[in-house]
Amino acid sequence: MHVIVTGGGIGGLSLALSLHQVGIRVRVYEAVRDPLPLGVGINLQPTAVRELTELGLGDALAETGIATQRLKLCNKFGQLIHDEPRGLAAGYRWPQISIHRGELQLMLLRAVRERIGDGNVRTGMRLRGFEQRGGRVRARFSDEDSGSDLFEEADILVGADGIHSAARRQVYPDEGVPRFAHQILWRAAIEAQPFLDGQTMVIAGHFDQRIVVYPIGKTAGGKLLTNWICQMTVPDRAPIPEHWNRRVGKEKVLSAFERWRFPWLDLPTLIERSQDIYEFPLVDRDPVPAWSFGCVTLLGDAAHPMQPIGSQAGSQAILDARTLTRALAETDDPVAALERYDAERRPAMNDIILRNRNLGPEAAMQLVEERAPSGFARIEDVISQHELDVITRSFATAAGLDVATVNHRPSYLAP
Ligand SMILES: Cc1cc2nc3c(=O)[nH]c(=O)nc-3n(C[C@H](O)[C@H](O)[C@H](O)COP(=O)(O)OP(=O)(O)OC[C@H]3O[C@@H](n4cnc5c(N)ncnc54)[C@H](O)[C@@H]3O)c2cc1C
């Protein structure tokens, strides 16, 4: 069996490693000629860390990222709403890893090159389209420098080419641009003194204005590379294109978040000191009724672009890769394998897309804002522990993240 993967992001590279692990021939086509460590922070949930560990990357992850131990949800004044253990502290056998997205991508890329050979990673090659005939697929790529075309035939094509997937566009030609939720995200990563215990992720605010802050790596002198995101509703703003690397001036961010200074976190100073701040619109796409079409399927953001709530996108792309590989390894019929993968993964991911539009596991923050907009003396008077547990547990179950499931499920692929 020969598989073409288009897109060398977190999902496509995890798939290439997984296919290689079970002896399936794979070639990756990535549009960017020289992938750089782009992006800021991303979180890998224990279920995804388990999969990368079973691919032999556990030590590299632990060295590069931070094993996050706690998640705190706060209101806009920094008052604590909910505090929960994460990763190892929550009883998982694998940590939650917060990591620089670009470092993670390059770590995966190095492993892919070593294992499947440089010749099977074609960079600077953009998928333009494909056709299916006689149970096989013929893909057309264009060289980003010369513009010349290259064709390759395979048994399977996997579109892991992100939110602007060319593969998805071919099977859903009328879908158009991603859905803008009238919110903007400003993001940066900066070296800073640890806040709290140096292993905590904080989300504060409410639906219309919130921050997410967490460390993603160690730097010299006991400092930590600290990821911050400021998100706010911009009702009158026209949709902006989704470029991951569009920079924005700090004045805009500072003026919106100048009051977000808590005894344990000085956000305005972090913003002030940040050199590169990126602006990204809050976007997703509607759930679709199928990912697999004959011998072509979609994976990761190409299949289920979701709002970045609950730290899911990277982890779920890795889970897609493992599920798809298992389905391919267990049958000689590629089309049946792709249908099985679709049936196993799509319903849950479609559910998460919709849950994330309503703040997913962070919905408690909006309830607290509505009930106590000026703050509170005792959180128990505003929201009960039971209500908090229902919200967070319901999301964890939907996303396949509850501790017992992750710890006790069999491996997707025998290590
Ligand atoms: C540059 C960049 C920066 C990001 N920064 C962050 C971040 O800071 N925090 C965060 O949480 N998420 C970030 N993301 C998104 C995050 O990586 C994904 O949501 C998640 O990891 C799922 O990964 P994916 O592999 O499905 O998609 P992606 O990570 O988006 O990867 C898709 C890959 O496909 C390539 N590609 C696109 N079109 C084609 C084509 N036609 N042919 C061939 N290749 C193609 C892209 O260059 C990219 O490498 C970023 C994505 C990108 C591309």
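Just so you know, ligand 1 is whichever comes first in the structure, and atom 1 is the first atom listed for that ligand. Starting from 1, each residue takes its place in the sequence as its number. Nothing here was measured: the structure is a model prediction, and the numbers come from that model.
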Do any N/O atoms on [X] end up under 3.5 angstrom from N/O atoms on ligand 1?
{"X": "Asp301", "value": "yes"}
{"X": "Leu38", "value": "no"}
{"X": "Val40", "value": "yes"}

Quiz item: Cut-off 3.5 Å, side chains only: do Arg355 and Ser394 have a donor facing an acceptor?
Solution: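 Checked: Arg355/Ser394 side chains pair up, N/O donor to acceptor below 3.5 Å.
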
Could you tell me whether [X] and [Y] have a side-chain N and a carboxylate O separated by less than 4.0 Å?
{"X": "Arg237", "Y": "Glu279", "result": "yes"}
{"X": "Arg285", "Y": "Glu175", "result": "yes"}
{"X": "Arg86", "Y": "Glu84", "result": "yes"}
{"X": "Lys76", "Y": "Glu369", "result": "yes"}
{"X": "Arg409", "Y": "Glu54", "result": "no"}
{"X": "Glu344", "Y": "Arg326", "result": "yes"}
{"X": "Glu152", "Y": "Arg27", "result": "yes"}

Note the single closest protein heavy atom to [atom], along with its residue, its atom name and the distance in Å.
{"atom": "atom 43 (C) of ligand 1", "result": "Ala31 N, 3.5 Å"}
{"atom": "atom 21 (O) of ligand 1", "result": "Ile10 CG1, 3.2 Å"}
{"atom": "atom 24 (P) of ligand 1", "result": "Gly11 N, 3.9 Å"}
{"atom": "atom 28 (P) of ligand 1", "result": "Arg101 NH2, 4.0 Å"}
{"atom": "atom 39 (C) of ligand 1", "result": "Asp161 CB, 3.5 Å"}
{"atom": "atom 31 (O) of ligand 1", "result": "Gly9 CA, 3.4 Å"}

Identify, by atom number and element, the atoms of ligand 1 in contact range of [X], meaning under 4.0 Å from any of its heavy atoms.
{"X": "Leu127", "value": "40 (C), 41 (N), 42 (N), 43 (C)"}
{"X": "Gly300", "value": "26 (O)"}
{"X": "Arg187", "value": "5 (N), 6 (C), 7 (C), 8 (O)"}
{"X": "Val32", "value": "47 (O)"}
{"X": "Ala166", "value": "41 (N)"}
{"X": "Met125", "value": "43 (C)"}
{"X": "Ile42", "value": "11 (O), 21 (O)"}
{"X": "Ala160", "value": "32 (C), 33 (C), 34 (O)"}

Give the single entry among [options] that approaches [atom] most closely by any heavy atom.
{"atom": "atom 10 (C) of ligand 1", "options": "Gly159, Gly39, Gly41, Ser315", "result": "Gly41"}
{"atom": "atom 33 (C) of ligand 1", "options": "Glu30, Arg169, Arg126", "result": "Glu30"}
{"atom": "atom 1 (C) of ligand 1", "options": "Phe280, Tyr278, Phe141, Trp244", "result": "Trp244"}
{"atom": "atom 27 (O) of ligand 1", "options": "Ala313, Gly162, Gly314", "result": "Gly162"}

Quiz item: In Å and rounded to the nearest 0.5 Å, what is the CG to CG distance from Leu17 to Leu19?
Solution: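 It comes to 9.0 Å.
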
Under 6.0 Å between the ring centres of [X] and [Y]?
{"X": "Phe293", "Y": "Tyr172", "answer": "yes"}
{"X": "Phe280", "Y": "Trp244", "answer": "yes"}
{"X": "Trp94", "Y": "Tyr92", "answer": "no"}

Does only the side chain of [X] get under 4.0 Å from ligand 1, or the backbone, or both, or neither? Count heavy atoms.
{"X": "His164", "result": "neither"}
{"X": "Gln105", "result": "side chain"}
{"X": "Pro305", "result": "neither"}

Quiz item: How would you list, by chain and number, every residue that makes a side chain to side chain contact (heavy atoms under 4.5 Å, CB included) with Glu144, sequence neighbours excluded?
Solution: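 Listed in chain order: Arg126, Arg128, Ser142.
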
Practice problem: Check each of Leu359, Leu388, Ile391, Ile81 against Leu367 using the side-chain contact (heavy atoms from CB on, under 4.5 Å) test, and report the only one that passes. | Solution: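 Answer to the side-chain contact (heavy atoms from CB on, under 4.5 Å) test with Leu367 among Leu359, Leu388, Ile391, Ile81: Ile391.
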
